[in-house]
Visitor: 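A single structure is presented below for examination.
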Amino acid sequence: MAFLELENIEKRFVHHAAVEHFQLAVERGEFVSFLGPSGCGKTTTLRMIAGFETPSAGVIRLAGVDITHRAPNQRNVGMVFQAYALFPNMTVAQNVGFGLRVAKRPAEEIRKRVEEMLRLIKLPAVGDRYPYQLSGGQQQRVALARALAIKPQVLLLDEPLSALDAKIRVSLRNEIRAIQRELGITTIYVTHDQEEALSLSDRIVVMSEGRMEQVGTPFEIYNAPRTAFVASFVGTLNVLRGQVTDPAGGRLVVDGQEIIAARGLEGVPRGEVRAVAVRPESVSLQAAEADGNRMRGIIEDVNFLGSIVRIRVRFAENAVWLDTFNNPRLAPPAPGQAVTVGFPREAVLVLDTPASS
Amino acid sequence: MAPVKRSRVGPWLVMLVGALYFFVPLWGTFEFSLRYRRGMYSLDAYWIVLNDPQFRATFGYSTLLALATIVVGVLLVVPTAYWVQLRLPAVRPVVEFITLLPLVIPAIVLVFGYLRIYNSSSWVPLTGTESTTDLLLMFSYVTLSLPYMYRAVDTGLRAIDVRTLTEAAQSLGAGWPIVLFRVIFPNVRVAILSGAFLTFAIVIGEFTMASLLDRPAFGPYLQLIGANRAYEPSALAVITFAITWACLALMQLLGRGQPSQAAGAR
């Protein structure tokens, strides 16, 4: 049995459904990210786990116990908020020890635990300071220590890095992962940043419009997106629409040119228009290996990005972006130039959703 | 291009006119209060007032009532404003309208309403004994101070992220009493103090309610002295101003010690 189970969870508001048919089993010690754009229901799902929202339907179980209707303060779930939410009237030590004081733990135990937590977040000397005397990154670390001090069964993080600048975001991201691994705590992390989700998670739940689009490891999500939404939201993908001509042979025609997908077209009706995706890093201006795909097109746009030159090649209705390394001895190609691009059959990802949707 | 020099004469002139409008009558009152002895200034009027047992009794009574009003007002307003902000933002206009009513309905209308509802032959005979009348007077003061107390507390609550702080405390195991008294109250301390001192100033000078409910408060005492003496009313007016200013100064002083609310700010 999974440690945290969300069984067919739904959350309906008056005019719309924020979350529908959410089904997830999280193992003990697993780090799972909910990834999606604003309004996709990821935070609502997290808030249902925390107890701040009540599901309209479904069951939430933690360690086998139904906590669906349990009050937030009865769940033993630690939460870190985007806006830090440190208590401004308390010092750092008082903030970290708050949950233990509420639980009426002995003063000596609280003192030791606070010290331990401050060491864990590498801020052992800030116990006497007030939150306003700390930087944003330090405040968020203290918020993490506060959430961990009560030894929660599950740690919930609601876009904890969104308010921080890019450099601190990366370093704190690594620290969060290191602490999570050290403590082995089951963690749910909400983010709209794909890089964060890919770098931190054991598994990612990609969400859109209240629904789960795909659940999988970062490797699966990136390399084998199952829907057009996942393909377009995670990483950069070229989505091409083509008509299936030979499902068994993986052949389809894109703008009058035939390409072959190594897998994924089996069982798709002949003549159906299907979306396939190719990562920019799989496309090259040189012709691919002998059995690879080749397409002729016209260079539409060239972006010089320093170490990388990003080129857009248009076929007719469809176009692809491709990245090549900058070569100082060669001038980048010019727009309007006719080129042939190549990509391996294995790089063609057939998306679950028909192209018409 | 040379920077445009703006004339500062206009704003200073406005400031001067405002200051004169405010301070000249006050200075006149103060100066008059010192003329108890013919041909020389003295503090005799103050001496007489401060040694009057009635002054001490009425001032003590009103102070006690003001403190009770503040406690009841805070316990009524803070949870209400907190709940409106957290769970019922849609009813905010209704609550604001209700809290403004005491400014629109004259105190004399309110007190006649009380006398009609709570008279000694009614179902709730609060005017039956002195102690229950005191209770009624205290509740009427809570009503009178509602516009000031509610606005002060509501402004304080808007300055912090009430929802997130509440949820943070709840996720750490805190129930509602702990959330209110250990997290919310301390973070709107300055706002509560502002409301409290405004309430104190209102209660100390209130006349209509106390007079018509026949209670020995400071307001009716001021009126009595004003009607029968020459210099003492001016001394009392200056003393009352001093008390109000002391309240304002205390508000400023206590507000300075408050740690920044940046962490919980929106």
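Just so it is clear: chains get the letters A, B, ... in the order the sequence lines come, proteins before strands, and each one is counted from 1. Excluded from the calculations below are hydrogen atoms, water molecules and symmetry mates; all remaining heavy atoms, backbone and side chain alike, are included.
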Visitor: Working to the nearest 0.5 angstrom, can you tell me the gap between A/F87 CZ and B/L165 CG?
Guide: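 It comes to 6.5 Å.
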Visitor: Does any non-hydrogen side-chain atom of A/F52 lie less than 4.5 Å from one of B/Q170?
Guide: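 Yes - at least one pair of side-chain heavy atoms lies under 4.5 Å apart.
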Visitor: Around atom OH of B/Y21, are there more than 12 heavy atoms of other residues, nucleotides or ligands at under 6.0 Å?
Guide: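 Open.
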Visitor: Restricting to non-hydrogen atoms, name the atom on B/L172 and the atom on A/A147 that form the minimum distance, rounded to 0.1 Å.
Guide: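 Smallest heavy-atom distance, with atoms named: CD2-CA, 4.3 Å.
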Visitor: Answer whether the closest heavy-atom distance between the side chains of B/I178 and A/F98 falls below 4.5 Å.
Guide: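 A side-chain contact exists here, since the closest heavy-atom pair is under 4.5 Å.
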Visitor: Should we count CZ of A/R28 as having more than 12 external heavy atoms under 6.0 Å?
Guide: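 Atom CZ in A/R28 is not crowded, with 12 or fewer foreign heavy atoms closer than 6.0 Å.
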Visitor: Shortest non-hydrogen contact from B/P186 to A/N89?
Guide: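 Heavy atoms of B/P186 and A/N89 come nearest at CB-ND2, 3.2 Å.
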Visitor: For atom CZ of A/F13, is the number of surrounding heavy atoms from other residues, nucleotides or ligands below 6.0 Å larger than 12?
Guide: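 Enclosed: over 12 neighbouring heavy atoms sit under 6.0 Å from CZ of A/F13.
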Visitor: Measuring from B/R182:CZ to A/R101:CZ, what's the distance to the nearest 0.5 Å?
Guide: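 Result: 6.5 Å between the selected atoms.
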Visitor: Is A/R146 close to chain B through its backbone or its side chain, or both, or neither, when contacts mean heavy atoms under 4.5 Å?
Guide: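 Contact with chain B: backbone and side chain both.
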Visitor: Which one of A/G99, A/P152, A/G51 has the most heavy-atom pairs closer than 4.5 Å to chain B?
Guide: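 Among the listed options, the one with the most contacts to chain B is A/G99.
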Visitor: With a cut-off of 6.0 Å (strictly less than), are more than 12 heavy atoms of other residues, nucleotides or ligands near OH of B/Y118?
Guide: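 Open: at most 12 neighbouring heavy atoms sit under 6.0 Å from OH of B/Y118.
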Visitor: Starting at OG1 of B/T164, measure out to CG of A/L86 and round the result to the nearest 0.5 Å.
Guide: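 Output value for this atom pair is 11.5 Å.
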